[in-house]
Visitor: 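Questions regarding the structure given below will be posed in turn.
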There are 2 protein chains.
Amino acid sequence: MTNSPKGRARGADKRRRLMSAAARVVHQQGVERTTIADIAAAADVPLGNVYYYFKTKDELVQAALAEHAGHLAELTGELDELPDPLQRLKALVDAWVGQRDTTARYGCPTGTLAAELDKRADGGLDLEAGEVIRSLLNWTEQQFRELDLPDPDDLALTFVGAYQGMSLLANALRDPEIMTGQGTRLTRWLDSLMEA
Amino acid sequence: MTNSPKGRARGADKRRRLMSAAARVVHQQGVERTTIADIAAAADVPLGNVYYYFKTKDELVQAALAEHAGHLAELTGELDELPDPLQRLKALVDAWVGQRDTTARYGCPTGTLAAELDKRADGGLDLEAGEVIRSLLNWTEQQFRELDLPDPDDLALTFVGAYQGMSLLANALRDPEIMTGQGTRLTRWLDSLMEA
DNA sequence: GTCTATATATAGATAGAC
DNA sequence: GTCTATCTATATATAGAC
């Protein structure tokens, strides 16, 4: 029997709360500086209970990565509703700029996570982080392809690379306005591609 | 009295060896996963002796950062010998592409270090990492300024951002050829700026 | 399913002989 | 200046009562 839905922590969604907290805290503190106790506290779950849902810390990190992948899929899913591929790409830039304060403080969630996981000798989670970035590249490439532009795979690398680069600089210099300025530049670049 | 220069480890340069090892190992493993024992082993210095040269781990990390800053200053110093600013920027791209294998495996030394330090709550070393990136931005901006291009500061952000972005993607996807392809694109972009 | 108490491992840092 | 042995703190993970 599950508990009644009366108490503040219903229990049925504890796993979800832990995933969400893991994504948030790992983004803010990084994988290595985040303890399971940190995540447990953020999710309002007692330390020992965490292990009922996730057997190891790596599983929690994997859950955090999956959470970010889910956010990204949700975003591109919404953008797919827009009729024009160019419009979709511009809206993605707008969404990135809209996150400028968080990005200036903690960097791109997926990018910083991938960079940190890539430093690990055990080739496991690092590959999964690469897959999340790969899926964003694939979505972007598809937009360029629909626009009948040459070398859509190269354009996708330039586009996503520009985002990762501006995110890292905004974070390193703690300046959200870098996202605004470079976002404008990226939008102008998209327009310039259509002229040719 | 210092030892004779006969033994393999002369002692006078132990500090230098530790700095070099710290830069190398921290680049490969990241700050948090690198132990002082790792650095000591890489520098061929006994663990306890490290503390004679660096009182804390943070001082070793700071030394690694200074080492990378030195490499960068050395590189831009050589580029300053070239007569034309456009030539200098293109040569910098070539240097980056020349490092493609290391970058695909471990990322940009300064970029990944800055990203990792920015996750720390204690606002100390993270600011210094930002300064190293800032100095590269300043050097780049100066080149654009000498070329009489508009908004040299913005162009510098785009240029360095493109490098950071392609480095992160090459690292996340473990593909050095991303550096080659995007390097070519970056060089073409530099040329296109001169046409206007 | 939940939670407290604790075992175990690791890493930063120090003591003190040489 | 050098180096071994060790202290101490922290974090992952588990045991076992409820």
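Keep in mind that the numbers below use all heavy atoms, side chains included, and drop hydrogens, waters and symmetry copies. Just so we're on the same page: letters track the sequence lines, and every chain starts at 1.
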Visitor: Do A/T140 and A/Q143 have a side chain donor and acceptor closer than 3.5 Å?
Guide: no

Visitor: How would you list, by chain and number, every residue that makes a side chain to side chain contact (heavy atoms under 4.5 Å, CB included) with B/R120, sequence neighbours excluded?
Guide: A/R33, B/V31, B/E32, B/D58, B/L117, B/D122, B/L125

Visitor: B/T35 and B/D38: side chain to side chain donor-acceptor pair (under 3.5 Å), yes or no, with the steps?
Guide: CA-CA 5 Å; B/T35 67; B/D38 289 337; 3.3 Å; yes

Visitor: Between B/R15 (CZ) and D/dG1 (P), how many Å, whole number?
Guide: 11 Å

Visitor: Kindly state whether the ring of B/F159 and the ring of B/W139 have centres lying under 6.0 angstrom apart.
Guide: no

Visitor: Just how far, in rounded Å, is C1' of D/dG1 from CG of B/D13?
Guide: 14 Å

Visitor: Determine the minimum heavy-atom distance between A/R15 and A/Y53, stating which atoms define it.
Guide: NH1-O, 3.1 Å

Visitor: Mind calculating the distance between CD (B/Q29) and C1' (C/dA11) to the nearest angstrom?
Guide: 14 Å

Visitor: Under 4.0 Å from OP1 or OP2 of D/dG1: is there any side-chain N or O of B/Y52 that close?
Guide: yes

Visitor: Does the protein touch nucleotides 9-18 of chain D at the base, only the backbone, or not at all? Give it as B, S and - per nucleotide, heavy atoms under 4.0 Å.
Guide: --SSBB----

Visitor: Work out which heavy atom in A/G30 is nearest to a heavy atom in A/E116; give both atom names and the distance.
Guide: CA-OE1, 3.5 Å

